[in-house]
Amino acid sequence: MPTVVRNETSERDALLAYLEAQRGGVRRAVLGLTDAQASSRPSASGMNLAGLVKHVARTEESWVQGLLLGHEDKKGNEADYVDGFRLLEGETVAGLLEEYARIGRETEEAVLSLPDLEVAVPLPDAPWNPPGMKVSARWILLHLVEETARHAGHADVIRESLDGRTAFALVAEAAQRGKPMG
């Protein structure tokens with residue numbers, strides 16, 4: 001646990017606080033890296049830090065803006081899914097972090113605008129979703145905390161593999177730079 005989540009004021013606030021803490025873990029993993037370093041793959045896995053930032057940002061946007069709020073979803077095809085794990089020409093880690101920050105703000109605004117966390121939406125048809133299942137806003141937020149935390153853990157391992165920097169060292173560095181990151 002490299003950071004302590006702030007004290008919450010309600011269930012909704014707690015879910016948003018824990019999601020933000022996990023976002024911070026993902027953001028810290030790319031702190032001080034070049035685009036090339038963040039795109040490198042230091043293991044047999046195809047995962048890289050830039051791709052993880054891009055993936056968690058787009059996943060959060062899809063679940064909240066696309067599914068929960070019913071706005072147009074940018075899912076695309078299989079090639080788009082694969083491209084969602086790497087920097088494309090013209091993309092930068094800095095740009096992805098700005099996009100992730102915007103998505104985080106939009107998530108908070110969306111969640112705070114809901115009448116309650118019982119708002120339910122049907123899951124889309126997919127082989128991994130039970131047919132006809134509906135999920136609440138609460139379920140979506142818990143899923144995003146779970147998904148982001150899982151990838152923040154991947155990011156910790158990848159970052160340490162790149163240069164030996166651990167999450168604790170990156171928390172300290174972020175604080176020194178005046179960039180508390182979750």
side-chain contact (heavy atoms from CB on, under 4.5 Å) assessment of Glu60 paired with Tyr100: CA-CA 9 Å; Glu60 183 173 326; Tyr100 198 22; 3.9 Å; yes

For Ser40 and Leu162, which heavy atoms make the closest approach, and how far apart are they? OG-CD2, 3.0 Å

Please report the interatomic distance CD(Glu173) to CD(Gln176), rounded to the nearest 0.5 Å. 7.0 Å

Please check: side-chain N/O of Arg159 versus main-chain N/O of Leu31, any donor-acceptor pairing under 3.5 Å? yes

Show, in sequence, the C-alpha distance, side-chain angles and deciding distance for Val111 and Leu117, and conclude whether the side-chain contact (heavy atoms from CB on, under 4.5 Å) test is met. CA-CA 8 Å; Val111 169; Leu117 296 177; 4.3 Å; yes

Can a donor-acceptor pair be found, under 3.5 Å and without considering hydrogens, that links the side chain of Ser43 to the backbone of Ser45? yes

How long is the straight-line distance from OG1 of Thr148 back to NE2 of His55, given to the nearest 0.5 Å? 8.5 Å

Within the distance-only criterion (no hydrogens, no angle test), does the side chain of Arg28 pair as donor or acceptor with the backbone N or O of Ala174 below 3.5 angstrom? no

Please lay out, stage by stage, how Asp163 and Gln37 fare under the test side-chain contact (heavy atoms from CB on, under 4.5 Å). CA-CA 10 Å; Asp163 63 6; Gln37 290 169 315; over 6 Å; no

Does Leu67 belong to the same Ile/Leu/Val/Met/Phe/Trp/Tyr cluster as Met133, with side-chain heavy atoms less than 4.5 Å apart forming each link? yes

Name all residues meeting the salt bridge (Lys or Arg N to Asp or Glu O under 4.0 Å) criterion together with Glu146; count only those two or more places apart in sequence or in a different chain, and write none if there are none. none

Give a yes or no answer on whether the side chain of Thr107 reaches the backbone of Ile103 with a donor-acceptor pair at less than 3.5 Å. yes

If you apply the rule salt bridge (charged side-chain N to carboxylate O under 4.0 Å, His left out), what do you find for Glu147 with Arg150, and how did you get there? CA-CA 5 Å; Glu147 176 81 1; Arg150 186 167 72 93; 3.5 Å; yes

Nearest 0.5 Å please: distance from the CG atom of Asp13 over to the OH atom of Tyr18. 11.0 Å

Rounding to 0.5 Å, atoms OG1 (Thr9) and CG (Leu16) come to a distance of 9.5 Å

Heavy-atom pair with the smallest gap, counting every atom of Ala17 and Val5: CB-CG1, 3.6 Å

More than 12 heavy atoms of other groups within 6.0 Å of Asp125 CG: no

Which atom of Leu144 lies closest to which atom of Val64, heavy atoms considered: CD1-CG2, 3.6 Å

When rounded to the nearest 0.5 angstrom, what is the spacing between NZ in Lys54 and CD in Glu99? 8.5 Å

Min side-chain heavy-atom separation Gln65-Leu68 under 4.5 Å: no

What pair of heavy atoms forms the shortest contact from Asn48 to Ser39, and how long is it? CB-O, 3.5 Å

Can you label the angle between the His154 ring and the His151 ring as parallel, tilted or perpendicular, going by 30° and 60°? tilted

What's the separation between atom OG1 in Thr166 and atom CG in Asp156, rounded to the nearest 0.5 Å? 8.5 Å

Verify same cluster id: Leu88, Leu97 (apolar side-chain graph, 4.5 Å): no

Asp35 side chain to Val93 backbone, donor-acceptor under 3.5 Å: yes

So that I can tick it off, tell me whether Arg23 and Glu20 are bridged by a salt bridge, with the cut-off set at under 4.0 angstrom between side-chain N and carboxylate O. yes

What's the shortest heavy-atom distance between Ala29 and Leu33, and which atoms? O-CD1, 3.6 Å

Between Glu98 and Arg102 (salt bridge meaning N to carboxylate O under 4.0 Å), is one present in this structure? no

Nearest heavy-atom approach of Leu52 to Ala155 is CD1-N, 3.8 Å

